[in-house]
Amino acid sequence: MERNRATSWKRQYIVDNKKTRCFGMLVSELYEECLQYGVSTLAHCLYYLLMEKKISLHDDISNIHINQIDRQKIEELVRKNVLGLYKIGIYSLKVNKKDFVFIFAATKEEAIEFFINTFQQAPMNCHEYPLDFQIERGNEVITFREMRKEFERFPAIAGYFCREW
């Protein structure tokens with residue numbers, strides 16, 4: 001399976017005292033990935049640098065200098081969430097000894113409330129899973145992150161799992 005592009009830039013992303021370096025990627029590509037994968041702080045940093053005209057979408061990201069960022073302004077942008085990035089996680093809620101429901105939701109509490117409203121019972125437990133967790137769906141392997149793109153509204157049921165033992 002091909003490695004996720006977000007993983008590749010995360011591994012190449014190096015911060016030192018003077019400069020952020022990521023080799024062979026344009027600001028537009030990084031910005032798009034940040035928006036796609038919900039990397040809020042970095043997306044807001046890029047937004048700030050673009051609005052201040054300190055970088056352009058066509059620049060290589062090796063041109064981004066950490067000292068160009070006003071941390072207080074970034075914190076304010078993130079707090080106001082001007083880009084409208086909302087964290088959606090995946091939660092496994094236990095129905096009984098062997099049945100589980102996976103729900104996309106903003107918080108554990110929201111997932112539990114959605115479960116109760118949908119199934120008219122409380123779950124036995126609720127655990128958050130990593131969005132990059134891979135599952136088999138039919139004849140393919142997919143991550144919850146990829147699956148999340150198939151939904152427009154949240155909370156939403158991602159699927160069911162029945163343990164055989």
May I have the list of side-chain donor-acceptor pairs in residues 69-79 shorter than 3.5 Å, sequence neighbours left out?
unit_1, atom_1, unit_2, atom_2, d
D70, OD1, Q72, N, 3.1
D70, OD1, K73, N, 3.3
E76, OE2, K80, NZ, 2.9

Short side-chain to backbone donor-acceptor contact, [X] and [Y], under 3.5 Å:
| X | Y | value |
| --- | --- | --- |
| E29 | L26 | yes |
| R148 | I88 | yes |
| E146 | I142 | no |

N81: side-chain hydrogen bond (donor to acceptor under 3.5 Å, both in side chains) partners, not counting sequence neighbours: none
Closest contact, heavy atoms only, P130 versus F144: O-CD1, 3.9 Å
Closest contact, heavy atoms only, G89 versus E128: CA-OE2, 4.1 Å
Measure the [atom1]-[atom2] distance between [X] and [Y] for me, rounded to the nearest 0.5 Å.
| X | Y | atom1 | atom2 | answer |
| --- | --- | --- | --- | --- |
| E109 | C126 | CD | SG | 8.5 Å |
| K87 | L85 | NZ | CG | 13.0 Å |
| I55 | N63 | CD1 | CG | 9.0 Å |
| D132 | I90 | CG | CD1 | 12.5 Å |
| I61 | L46 | CD1 | CG | 8.0 Å |

Side chain proximity check, I135 to T143, heavy atoms < 4.5 angstrom: no
Minimum side-chain heavy-atom gap Q68-L49 below 4.5 Å: yes
Y129 and F133 aromatic ring geometry - parallel, tilted or perpendicular at 30°/60° bounds: perpendicular
Other residues, nucleotides, ligands: >12 heavy atoms within 6.0 Å of E136 CD: no
Residue E32 excluded, over 12 heavy atoms near CD under 6.0 Å: no
Derivation of the side-chain contact (heavy atoms from CB on, under 4.5 Å) call for Y47 and L42: CA-CA 9 Å; Y47 173 81; L42 183 54; over 6 Å; no
Aromatic contact, F102 with F161 (centres under 6.0 Å): no
ILVMFWY clustering at 4.5 Å (side-chain atoms), partners of I116: Y91, L93, V95, V101, I103, I112, F114, F115, F119, I157, Y160
Pairs involving residues 149-165, ordered by first then second residue, that meet salt bridge (charged side-chain N to carboxylate O under 4.0 Å, His left out) (sequence neighbours left out): R137-E150
Same apolar cluster (I L V M F W Y, side chains within < 4.5 Å links), V27/V82: yes
Selection residues 93-108 - residue pairs positive for side chain to side chain donor-acceptor pair (under 3.5 Å), sequence neighbours left out: N96-D99
Side chain to side chain donor-acceptor pair (under 3.5 Å) contacts touching residues 49-59 (sequence neighbours left out): S56-D59
